[in-house]
Student: 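Please see the structure below; I have some questions.
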Amino acid sequence: MTDPDAAPAPGEQPSFDAEPPADAERPVEAEPPAEGRHLATDDGTPPPDPWARPAPPFASTADAPADERSTETRLLERLLGRRRMQLDLRRRDRFWGWFGTIVVTLLAAAARLWQLGQPHALVFDETYYVKDAFTLGELGFAAQWPDEPNPAFEAGDVFTFLEKAAYVVHPPVGKWMIWLGMEAGGGATSAFAWRLASAVVGVLAVFLLVRIARRLFSSSLMGVVAGLLLAVDGEAIVHSRVALLDQFLMFWVLVAFGCLVMDREQARRRLASRVAAVVDAGGVVGRYGPRVGFRWWRLAAGVSLGLACGTKWSGLWFVAVFGILTVLWDLAARRQVGVGRWWEDGLVVDAVPAFLTIVPTAFVVYVASWWSWFAHQGAYLRQWAAENPGEGVTWLPAPLRSFVEYHRQMWDFHTGLDSEHNYAAHPLGWIVQWRPTSFFWEKEAPGQGTCPADAAEACTRAVTSLGNPLLWLLAALAIVATVWLGIRFRDWRAVAVLSGTVAGWLPWFAYAPPFSDRTIFTFYSIAFAPWVVLTLVYPMVVALERTEGRRGRGRVVAVITIVLTLIVAVSVAFYPLWSGLQVPYSYWQTLMRLESWI
């Protein structure tokens, strides 16, 4: 995987997986420093190695003219690309990087916070998560409720819960976040407060995506474009306006992805610095390269992935995919700087530490997220070990035995869930939003409820988890284009933008016919919505890069502008159906063009 804008060797195409030319300048071979772990024969030259690649075309610049780029700079251009090296040097890029970020973040905030408390009703699965979050904060565990508790709860009588633990089938992180929102927003009597945490997380996700895409594509403008698309997407808006768990899963995996993008750059900067030190000292990089030190951004990614799994178990797929992604980046980096046995070096020096940094960290954070369950004896199944001596994993302490049993029951629930539901949807249609989920729908005759008496027709309010239809359709096509472009140009960015979709979408096919009949919904796709946006933006980025300074640039810019304008226009039209605003019934009928949307 290469950087498409990195500096090519003279006479070569811009691909750094290619061998350097035969007449490329070689560094002087000398005894390398110990930190590089280079093996050498008695005369100081590396032994023959059938797996070794030729040394990179970098020579010491100690005797070079003063204006000659340093070895480290040239290595960085190879590892990060010229555009990334120049991005923060241009005032225009710095200005648009922050001004554009602020503008699209404010747009996202307006779309998510305006009339957030409407409808003042527990919509869809809010009936579970809001009440669970409230009792979790009040009692330390989710409690049971009497029959038909929602009317009283919505009316402000929120203390009708029973002080008896309820069986909940998702970890607690998302519900703790909902509770924090309720505390900050004025309490459980306010629908605005129920949804505040979701809205804040949705706004932060747009902010993060701008900054991640800017670094990923080495373009302030395209970072802003990515943020704009997420800001106006229907799924992103709807999940920011309801208190469901999938929004928090999306947020934590996006944070983890951002941490790994930062880790990639930091590790490559360290690698360039240490390889340059070897070369400038007169040595060569032989079979093995230098270590790059402890990876703090990877640790942060492990924490974020632990919180994602602590929201929903489907976060585990992101742990696996992102773990593979970061290792592939490291292998490519060692290959690009000319490490001979780059595959072995990367696996030992980078892959093993990556696993030990991310996976145990995520596991510890996940277990720690259950702290309240461990602390409260009345929590569901907390006393299972004491009540069932000799059962379960007997060598574990009693609290952990109960913890394992609880998770076994949760596993049975998730793998055995096959009840009929009108909005159940096969994952094949998720990528084009074929069968969206209706969270709330209400029709009132003129003069009834809030529908004006002088209205010409009935009024409708809806909250439909439907992604912007044009955006998702184009993104589905962009997946094919991204796969082709990634192979054609060996571009690491193609793998990066597809990674979240692979982790958040493909595993669900195992739970759908013909493999299984588990009840699943299209709204689960919010977990990988940021990567849907990145995948749509990627072909635009490639088109702009390939036409820079060439004929056809104007047409590319015009097409991108038209596409963005149409997507925003579609979002403006659909916004009432995403936000519960009251509209004429005919307006709702006009927009819901497909029978599968109803």
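The structure displayed is predicted, hence computed values, not measured ones.
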Student: Does the Ser465 side chain pair with the main chain of Thr437, one donor and one acceptor, at a distance under 3.5 Å?
Tutor: no
Student: Could you check Thr127 against Lys131 for side chain to side chain donor-acceptor pair (under 3.5 Å), going step by step and ending with a plain yes or no?
Tutor: CA-CA 7 Å; Thr127 186; Lys131 299 200 299 291; 3.1 Å; yes
Student: Test your reading of the model: is there a side-chain donor-acceptor pair from Gln144 to the backbone of Ala165, 3.5 Å cut-off?
Tutor: yes
Student: Got a sec: does the CD of Glu163 have more than 12 other heavy atoms crowding it under 6.0 Å?
Tutor: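 Atom CD in Glu163 is not crowded, with 12 or fewer foreign heavy atoms closer than 6.0 Å.
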Student: Scan side-chain atoms only and decide if Thr522 and Gln433 contain a donor-acceptor pair under the 3.5 Å cut-off.
Tutor: no
Student: How about CH2 on Trp597, more than 12 heavy atoms from neighbouring residues, nucleotides or ligands closer than 6.0 Å, or not?
Tutor: yes
Student: Do side-chain atoms of Arg241 reach the backbone of Trp114 as a donor and acceptor pair under 3.5 angstrom?
Tutor: yes
Student: For the side chain of His426 and the backbone of Pro513, is there at least one donor-acceptor N/O pair under 3.5 Å apart?
Tutor: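 Yes; judged by distance alone, with no hydrogens or angles, the pair exists.
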Student: Mind running side-chain contact (heavy atoms from CB on, under 4.5 Å) on Leu122 and Phe440 for me, showing each step along the way?
Tutor: CA-CA 9 Å; Leu122 293 166; Phe440 176 85; over 6 Å; no
Student: How far apart are the closest heavy atoms of Ala385 and Ala398, and which atoms are they?
Tutor: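 For Ala385 and Ala398, the tightest heavy-atom pair comes out as CB-O, 3.3 Å.
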Student: Just do the side-chain contact (heavy atoms from CB on, under 4.5 Å) check on Val169 and Tyr128 with the steps written out, would you?
Tutor: CA-CA 11 Å; Val169 295; Tyr128 304 116; over 6 Å; no
Student: Is the distance between the ring centroids of Phe257 and Phe322 less than 6.0 Å?
Tutor: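 When the ring centroids of Phe257 and Phe322 are compared, they turn out to be within the sub-6.0 Å range.
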Student: Ala231 and Ala108: which non-hydrogen atoms are nearest, and at how many Å?
Tutor: CB-CB, 3.9 Å
Student: Describe, in one word, how the ring planes of Phe403 and Trp373 are oriented to each other, choosing from parallel (under 30°), tilted (30 to 60°) and perpendicular (over 60°).
Tutor: tilted
Student: Side chain to side chain donor-acceptor pair (under 3.5 Å) with Glu405: which of Arg408, Arg401, His407?
Tutor: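 When Arg408, Arg401, His407 are each tested with Glu405, the side chain to side chain donor-acceptor pair (under 3.5 Å) holds only for Arg408.
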Student: Kindly say whether Val463 contributes a backbone atom to a donor-acceptor pair with the side chain of Trp578 at under 3.5 angstrom?
Tutor: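 Such a contact is absent between Trp578 side chain and Val463 backbone.
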Student: I need the minimum non-hydrogen distance between Ala213 and Met222, along with the two atoms involved.
Tutor: CB-O, 4.4 Å
Student: Quick one: does Thr535's side chain have a donor or acceptor within less than 3.5 Å of a partner on Ala478's backbone?
Tutor: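 Judged by distance alone, no pair lies under 3.5 Å.
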Student: Quick one: sort the His376 and Phe141 rings into parallel, tilted or perpendicular, breaks at 30° and 60°.
Tutor: perpendicular
Student: Under a 3.5 Å distance rule, please check whether Glu444 uses its side chain to pair with a backbone N or O of Gly449 as donor and acceptor.
Tutor: no
Student: Under the ring pair (Phe, Tyr, Trp, His ring centres under 6.0 Å) rule, what do Phe248 and His170 come out as? Steps first, then yes or no, please.
Tutor: CA-CA 12 Å; Phe248 304 108; His170 292 296; over 10 Å; no
Student: Answer with yes or no whether the side chains of Thr357 and Arg295 bring together a donor and an acceptor at under 3.5 Å.
Tutor: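 On atom types as modelled, these side chains do not qualify, holding no pair under 3.5 Å.
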Student: Give the ring-plane orientation class for Trp441 versus Tyr585, where under 30° counts as parallel, over 60° as perpendicular and anything between as tilted.
Tutor: perpendicular
Student: Between Asn468 and Gly234 (side chain of the first, backbone of the second, donor and acceptor by atom type, cut-off under 3.5 Å), is there such a pair?
Tutor: no
Student: What is the ring orientation for Tyr167 with Tyr406, classed by angle as parallel under 30°, tilted 30 to 60°, or perpendicular over 60°?
Tutor: tilted
Student: Between Arg518 and His414, does any side-chain donor sit less than 3.5 Å from a side-chain acceptor?
Tutor: yes
Student: Could you walk me through whether Phe509 and Trp505 pass the ring pair (Phe, Tyr, Trp, His ring centres under 6.0 Å) check?
Tutor: CA-CA 8 Å; Phe509 282 85; Trp505 181 36; 5.5 Å; yes
Student: Test side chain to side chain donor-acceptor pair (under 3.5 Å) on Asn150 and Trp145 and set out the steps.
Tutor: CA-CA 9 Å; Asn150 286 5; Trp145 293 79; over 6 Å; no
Student: How close do Cys451 and Pro446 get, counting heavy atoms only, and between which atoms?
Tutor: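 Between these two residues, the closest heavy atoms are SG-CA, 3.8 Å.
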Student: Here's one to test your reading of the geometry: is the NZ or CZ of Arg461 within 45 degrees of the ring axis of Trp588 and under 6.0 Å from its centre?
Tutor: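 Not satisfied by the 6.0 Å and 45° rule.
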Student: Does a sphere of radius 6.0 Å around OH in Tyr423 hold more than 12 heavy atoms from other residues, nucleotides or ligands, not counting ones at 6.0 Å or beyond?
Tutor: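 Yes.
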Student: Compare all side-chain heavy atoms of His239 with those of Ser198 and state whether any distance is below 4.5 angstrom.
Tutor: no
Student: Specify the closest pair of heavy atoms between Thr519 and Ala424, including all atoms of both residues, with the distance to one decimal.
Tutor: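 Nearest pair, atom of Thr519 first, then Ala424: CG2-CB, 4.1 Å.
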Student: Is there a donor-acceptor pair under 3.5 Å between the side chain of Ser499 and the backbone N or O of Ala496?
Tutor: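 Flag set: sc Ser499 to bb Ala496 pair under 3.5 Å.
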Student: Under 6.0 Å from the CH2 atom of Trp297, do we count more than 12 heavy atoms belonging to anything else shown?
Tutor: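 No - once you tally the heavy atoms of other residues, nucleotides and ligands closer than 6.0 Å, there are 12 at most.
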Student: Applying the ring-ring contact (aromatic ring centres under 6.0 Å, His included) test to Phe523, which of Trp508, Phe528, Phe439 qualifies?
Tutor: Phe439
Student: Verify side-chain contact (heavy atoms from CB on, under 4.5 Å) between Thr101 and Phe207, making sure each step is shown before the conclusion.
Tutor: CA-CA 6 Å; Thr101 300; Phe207 174 87; 3.3 Å; yes
Student: Is the backbone N or O of Ala199 less than 3.5 Å from a side-chain atom of Arg112, with the two atoms forming a donor-acceptor pair by type?
Tutor: no
Student: Please evaluate residues Leu577 and Met592 with respect to the criterion side-chain contact (heavy atoms from CB on, under 4.5 Å), reporting the C-alpha separation (whole Å), side-chain torsions for both, the decisive distance (0.1 Å), and the verdict.
Tutor: CA-CA 9 Å; Leu577 279 59; Met592 301 298 281; 3.7 Å; yes
Student: Hey, which of Leu470, Leu466, Ile237 is the one that makes side-chain contact (heavy atoms from CB on, under 4.5 Å) with Phe574?
Tutor: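 It is Leu466; the other options fail the test.
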Student: Give me the atom names and distance for the closest heavy-atom approach of Ile178 to Tyr129.
Tutor: CD1-CB, 4.0 Å
